[in-house]
Amino acid sequence: MIESYLIHLLIMIGIYLILAVALQLAIGYTGLMNLGHIAFFAIGAYVSTIFTLSGIPFLLAFIFAGIIAMIFGYALAYPVNRLKGDYLALATMAFTFVIWSLLINLKGITKGPLGIANIPSPSIFGFQLISPFHFLILVIIIAVLTYYILHKIVRSPFGKVLEAVRDQELTTKILGKNTLKMKSYAFAISAFFAGLSGSLYAHYITYISPSAFTILELLPILAIVIIGGLGSLRGTALATVILILLPESLRFIGVSASFIGPARQFVFALLLILILIYRPKGLMGRVDID
Amino acid sequence: MALSQLIINGIVAGAIYALVASGFSLIYSTNKFIHIAHGATIAFSGYFLYFLFSMLGINFGFSVIVSIIFATVIGYLMNILVYKQLRRRKTSSLILLIASFALLVLLESLIILLFGANLKTIKVMGSITSYELFGGFITPIQIAILITSIVLLIGLYYFMNKTKIGKALRAVSNNKNVAEVLGISSERMFNLSFIIGSGLAAVAGVLIALEQSIEPMMGTHLIIKGFTASVIGGIGNVPGAILGAFLLGGAETMSIWFLPSGYKDAITFIILFLFLVFRPKGILGKRWSE
């Protein structure tokens with residue numbers, strides 16, 4: 001009992017870690033306030049679900065979840081290229097709404113508001129990951145790989161160019177860098193990992209519906225990124241663990257199960273507001289939001 | 001559905017959106033940030049009415065007035081407790097937007113914790129008789145919506161253009177520093193804009209609660225409409241927001257001619273995205289920071 005509860009928490013930490021470090025690349029390292037992240041997560045979840053249900057092996061569906069989300073991310077970078085700050089935030093938020101309403105309305109593909117149930121557990125080379133423990137191992141491998149790859153990216157010359165785009169876009173342009181291309185790569189990479197995370201989420205929960213991908217679901221991820229601190233992957237990892245575990249204490253002070261969801265959102269929102277007022281750099285942040 | 005019915009529905013929807021959008025736009029033009037938690041003011045107004053009238057059984061007229069006052073106070077408190085603290089540190093408009101998003105989630109989850117997640121209706125009259133108008137039907141509450149909206153919007157116009165304090169408000173929105181030199185306290189004008197803007201939102205909340213029903217996410221839905229209307233008209237431009245509101249109401253209901261009704265919201269999101277990307281100044285707007 002306690003063991004399966006711990007496994008569940010660890011799986012959720014893994015899924016959110018992938019989402020949060022991916023968003024950190026866009027917001028913290030490239031300065032793109034992307035509020036469309038949840039849409040990439042949704043695309044990954046739906047692609048993976050629809051592919052596996054039509055008989056495509058899990059691993060292939062998993063990779064396609066990332067790739068199709070990546071294509072959307074890459075494409076989104078072009079129309080929003082000239083927008084900055086609030087307006088970029090709003091246009092990407094509008095992108096979330098557009099994807100969400102497509103999930104509701106394209107009933108032939110997504111089954112609309114009812115969602116898709118009985119998503120099969122992943123099967124890798126004939127090995128069925130039925131038990132949560134096996135699933136946890138898969139999540140840990142993907143989360144560690146994601147963290148490692150993003151760590152390599154932000155340390156690479158490419159990562160430095162992204163930071164230059166964040167700090168001095170015009171100067172970077174004058175120095176001969178194609179900043180639009182850099183931003184579209186950042187969007188694409190960020191969306192790719194969000195898509196992978198969406199696939200893991202769908203096959204773990206085994207049920208998806210549009211209500212799991214509203215703009216409100218962005219709040220925990222955004223809170224993790226900002227509380228962890230912009231431009232810090234370690235801070236993001238730390239904040240993921242804290243923010244997933246902290247609301248669990250609500251269970252032990254007797255908050256009833258049906259209230260856990262909204263109570264958790266309440267705690268995240270409150271923490272985010274307090275951090276913005278009292279410690280805008282977050283736990284380990286290196287840069288300010290602007 | 002008859003064309004005349006669609007036109008009536010479009011105008012009624014536009015009247016509601018105009019109340020939301022004009023308040024939102026007033027707050028934006030004075031404070032220069034996107035107060036997305038404006039949606040929470042609307043939702044609280046509807047829920048206050050439900051609590052006072054349907055749950056406690058207090059006199060209807062009195063409940064309406066108290067609900068509007070309480071919801072206005074919520075809007076005012078958001079400014080004092082959160083935005084003012086952030087402004088003190090000279091934070092960017094992007095941080096204010098994120099804080100506002102967190103406030104929206106905070107207050108919506110509070111509604112779920114207090115009242116539950118299900119949809120609620122407020123029954124005032126036993127049976128509603130509709131009046132026939134040019135071959136379409138209009139309900140008494142819809143007539144009330146039209147009259148209230150027109151009276152308030154004319155009042156707002158008069159206040160902003162003819163009164164000394166309204167002119168002071170516009171002075172702060174045009175140039176804060178010059179207004180301060182002339183002895184106008186910008187903090188007082190920020191407060192005032194929140195009181196007037198939230199008051200308009202509170203009236204909209206009561207009207208929607210009576211015409212349709214209330215549910216915790218209603219604020220998010222409505223602020224997206226109000227916000228889209230402002231973007232269409234030119235954000236921060238109050239007359240533009242009102243024009244945008246009626247255009248949006250019209251576009252939405254007319255879309256029912258061509259598309260399944262489920263796409264009504266999708267139309268809003270696509271219009272919002274297209275305007276932000278291709279015409280961020282809107283139809284009438286001129287102010288738009290890069």
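Side chains included, hydrogens not; waters and symmetry mates left out as well; all remaining heavy atoms used. As the structure is a prediction and not an experimental result, all values here were calculated from the model.
In terms of heavy-atom pairs under 4.5 Å with chain A, the best-connected choice from B:Leu104, B:Leu106, B:Thr91 is B:Leu106. Residue with the most contacts toward chain B among A:Thr214, A:Asp86, A:Leu218, A:Leu271: A:Asp86 (heavy-atom pairs, distance under 4.5 Å). Taking chain A as the reference chain and counting heavy-atom pairs below 4.5 Å, the highest number among B:Asp265, B:Thr220, B:Leu110 is found for B:Leu110. Interface summary for chain B: among A:Leu216, A:Leu102, A:Leu35, A:Leu88, the most heavy-atom pairs under 4.5 angstrom belong to A:Leu216. Looking only at heavy-atom pairs under 4.5 Å with chain A, the residue among B:Ile224, B:Ile270, B:Leu272 that has the most is B:Ile224.
For B:Leu81, the part sitting under 4.5 Å from any heavy atom of chain A is the backbone (N, CA, C, O) and nothing else. Proximity to chain A is absent for every atom of B:Ile111, based on heavy atoms less than 4.5 angstrom apart. Only the side chain of B:Ile36 comes within contact range of chain A, with heavy atoms under 4.5 Å apart. In this structure, chain A has a heavy atom under 4.5 Å from the side chain of B:Phe227, while its backbone stays farther away. Contacts of A:Tyr278 with chain B are made by backbone atoms alone, with heavy-atom separations under 4.5 Å and no side-chain atom involved. In this structure, the portions of A:Leu270 lying under 4.5 Å from any heavy atom of chain B include both its backbone and its side chain. Proximity to chain B is absent for every atom of A:Ile99, based on heavy atoms less than 4.5 angstrom apart.
The shortest side-chain heavy-atom distance between A:Phe268 and B:Val105 does not fall under the 4.5 Å cut-off. The closest side-chain heavy-atom distance from B:Phe269 to A:Ser101 is below 4.5 Å. Residues B:Phe273 and A:Leu76 have side chains in contact (heavy-atom distance under 4.5 Å, counting atoms from C-beta outward). Within the 4.5 Å cutoff, the side chain of B:Phe101 has heavy atoms near those of the A:Leu222 side chain.
The distance from atom CD1 of A:Ile215 to atom CE of B:Met217, rounded to the nearest 0.5 Å, is 9.5 Å. Note that CG of A:Asn105 is 12.0 Å distant from NZ of B:Lys264, once rounded to the nearest 0.5 Å. Interatomic distance, A:Ile277 CD1 to B:Arg89 CZ, rounded to the nearest 0.5 Å: 9.0 Å. One distance of note links OH of A:Tyr87 with CD1 of B:Ile34; it measures 5.5 Å at 0.5 Å rounding. In this structure, the separation between CG on B:Leu113 and CZ on A:Phe266 is 7.5 Å, given to the nearest 0.5 Å.
By a heavy-atom distance cut of under 4.5 Å, not one residue of residues 36-46 of chain A is near chain B.
A 6.0 Å sphere centred on NZ of B:Lys120 holds more than 12 heavy atoms belonging to other residues, nucleotides or ligands. Other residues, nucleotides and ligands place no more than 12 heavy atoms under 6.0 Å from the CZ atom of B:Phe51. Summarising the local packing, CZ of B:Phe246 is surrounded by more than 12 heavy atoms from other residues, nucleotides or ligands at distances under 6.0 Å.
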*Given the rule in the side-chain contact (heavy atoms from CB on, under 4.5 Å) test, do B:Ile112 and A:Gln265 qualify, once you have shown the distances and angles that lead to the verdict?*
CA-CA 11 Å; B:Ile112 301 179; A:Gln265 286 285 60; over 6 Å; no

*Show the numbers, then the answer: is there a side-chain contact (heavy atoms from CB on, under 4.5 Å) between A:Met33 and B:Ile98?*
CA-CA 10 Å; A:Met33 186 47 78; B:Ile98 293 169; 3.3 Å; yes

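For A:Ala89 against B:Leu97, the heavy-atom pair with the smallest separation is CB-CD2, 3.7 Å. Closest non-hydrogen pair, A:Ile273 versus B:Ala102, comes out as CG1-CB, 3.6 Å.
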